[in-house]
Trainee: 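First the structure, which I've put down as structure tokens, then a few questions once you've had a look.
Any value given below was found using the heavy atoms of this structure, including those in side chains, with hydrogens, waters and symmetry copies removed.
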Amino acid sequence: MNFMNVPPFSLNRQLSHIGDELEEAISRVIHSGKYIGGQEIDEFEEAFSRFVGVPYTVGCNSGTDALILALRALEIGAGDEVITCSFSFFATAEAISSVGAIPVFVEIDRKNYLIDIEKIEKAITPSTKAILPVHLFGCPVDMDQIMNLASKYNLKVIEDCAQAAGAKWNGNSVGSYGDIGCFSFFPTKNLGAAGDGGAVTTKHKALASQMRELSVHGMPERYLHTNLGYNSRLDAIQAAILNIKLPYLNKWVGERAKASSNYLEALKGLNDIILPKINLAHGSEHGWNQFVIRIKNFSTKEEDKYVDDNKLQCKNSRDIFKQRLEDYGIKTIIYYPIPIHLQPAYIHMGFQKGDMPLTESLSDEVLSLPLFPEITSDEQEYVAKKIISLAKSKT
């Protein structure tokens, strides 16, 4: 097979399928002169509510803002503790800290890389106010267990659904179980805007009203400010784009699932390559925002000396493997190379390397393969063959 460039994600291919629809929608908004609020926002919030299966959706500026609005609406603030995981994008903990609360990190489950639910109960203290599970890479957390724990200890639940639009747990969409679901529409997400965007979903009218007020400077009516809020609105152009894309979402998630099945079949049985283990409850569906493998013990003494084109020393087996794939034209991404508890921004919390060994080992091993709805079978075959070749070349 000839050399092939395989991107980790391609918006251009998506554009080739729905570009005309998107351009028409954007043009309609531009000519309307209505860029903030209006019909496009209303239509998207109503459609997304139906998709998730909740009465209320409030669009906002980003997935990060969605988390902040959720925490604020639930009156979580200074000194309160929120249980979450360290193996996630930084915004998960950043939002907690931004409202003055304290992120309490729980180890991950080695089977699915999600928060280890069995360890949550031991982390609960009198200061705990909420659990914030992350549906990482599109894999849904067992929300039945989470909600049972929350009910037992009278805790709030905020679902981080940033990577999981279209995923389901036990027949219901993520974002419909907790008090509030938080979504990101960053362009590379399953449902992506043409820039930043986000939304919160909820079953509770009062919470929806509170989050809407907070998203417009704490303003329930024009120039009346009952709270200190934010300028965090989903603009009309982004809503128009999302209105075009939302009807395609289930199809795209299905295509991601098919591509992921292809990887699972092609790469099974390799030494030192750990594939995702999918063992979901009946009626549950993975969103497959990422297909994440783990690289174990790839390097030899010769490989340890391997450097990339910029003469930067590769840190570990995963980095060497990633660079080798890039030499073949295969672009991969690391989500995430440094766990949140070891980030410099959280040095004040006193964490040391070794405090969360499973989380830390994952950060050294994970590698996300190219995955998007339009990836071709030829591209996947090329990726698989190069991975197999690398895995078998190890001495």
Trainee: Using the benzene-type ring in the case of Trp, are the ring centres of F89 and F186 under 6.0 Å apart?
Mentor: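 Centroid distance F89-F186: not below 6.0 Å, so no.
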Trainee: For ring-ring contact (aromatic ring centres under 6.0 Å, His included), just list the numbers for F48 and F185, CA-CA rounded to whole Å, side-chain angles, deciding distance to a tenth of an Å, and then say yes or no.
Mentor: CA-CA 12 Å; F48 199 67; F185 304 129; 5.5 Å; yes
Trainee: Is the number of heavy atoms from other residues, nucleotides or ligands within 6.0 Å of NZ (K168) greater than 12?
Mentor: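 No, the 6.0 Å shell around NZ holds no more than 12 heavy atoms from other groups.
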Trainee: In terms of the angle between their ring planes, are F90 and Y346 parallel, tilted or perpendicular, with boundaries placed at 30° and 60°?
Mentor: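 It falls in the tilted class, 30° to 60°.
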Trainee: Please determine whether the number of non-hydrogen atoms from other residues, nucleotides or ligands lying under 6.0 Å from atom CD1 of I347 exceeds 12.
Mentor: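 Atom CD1 in I347 is not crowded, with 12 or fewer foreign heavy atoms closer than 6.0 Å.
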Trainee: Suppose we screen for ring pair (Phe, Tyr, Trp, His ring centres under 6.0 Å). Which residues come up paired with H286, at least two apart in sequence or across chains?
Mentor: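 In terms of ring pair (Phe, Tyr, Trp, His ring centres under 6.0 Å), with neighbours along the sequence ignored, H286 is linked to W288.
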Trainee: Around atom NZ of K156, are there more than 12 heavy atoms from other residues, nucleotides or ligands closer than 6.0 Å?
Mentor: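 Not more than 12 within 6.0 Å, no.
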Trainee: State which residues pass side-chain contact (heavy atoms from CB on, under 4.5 Å) with Q145; sequence neighbours excluded, sorted by chain then number.
Mentor: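 Q145 satisfies side-chain contact (heavy atoms from CB on, under 4.5 Å) with I117, D142 once adjacent residues are dropped.
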Trainee: List for me each residue that meets side-chain contact (heavy atoms from CB on, under 4.5 Å) alongside Y35, sequence neighbours excluded, and say none if there are none.
Mentor: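 Result, side-chain contact (heavy atoms from CB on, under 4.5 Å) vs Y35: V29, I30.
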Trainee: Any salt bridge between R13 and E379, counting N to O under 4.0 Å?
Mentor: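 Yes, R13 and E379 are salt-bridged.
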Trainee: Side-chain atoms of residues 335-342: list all donor-acceptor pairs with protein atoms under 3.5 Å, sequence neighbours left out, distances to 0.1 Å.
Mentor:
{"residue": "Y336", "atom": "OH", "partner": "Q163", "partner atom": "NE2", "Å": "2.8"}
{"residue": "H341", "atom": "ND1", "partner": "S86", "partner atom": "OG", "Å": "2.7"}
{"residue": "H341", "atom": "NE2", "partner": "E360", "partner atom": "OE2", "Å": "2.8"}

Trainee: Do D109 and I115 have side-chain heavy atoms sitting under 4.5 Å apart?
Mentor: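 D109 vs I115: side chains apart.
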Trainee: Tell me, please, which residues at least two apart from I274 pass side-chain contact (heavy atoms from CB on, under 4.5 Å).
Mentor: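 Once residues adjacent in sequence are excluded, the partners of I274 under the side-chain contact (heavy atoms from CB on, under 4.5 Å) criterion are Y113, K277, R294, K296.
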Trainee: Should we count NE2 of H348 as having more than 12 external heavy atoms under 6.0 Å?
Mentor: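 Atom NE2 in H348 is packed in, count exceeds 12.
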Trainee: Partners of E43 by side-chain contact (heavy atoms from CB on, under 4.5 Å), sequence neighbours excluded?
Mentor: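 Applying side-chain contact (heavy atoms from CB on, under 4.5 Å) to E43 gives Q39, E40, N243.
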Trainee: Name the one of I96, D80, I180 that satisfies side chain to side chain contact (heavy atoms under 4.5 Å, CB included) with L71?
Mentor: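 Single pass found, and it is I96.
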Trainee: Fit a plane to each ring of H217 and H225, take the angle between them on a 0 to 90° scale, and name the class: parallel (under 30°), tilted (30 to 60°) or perpendicular (over 60°).
Mentor: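 Taking H225 first and then H217, their aromatic rings stand perpendicular (interplane angle over 60°).
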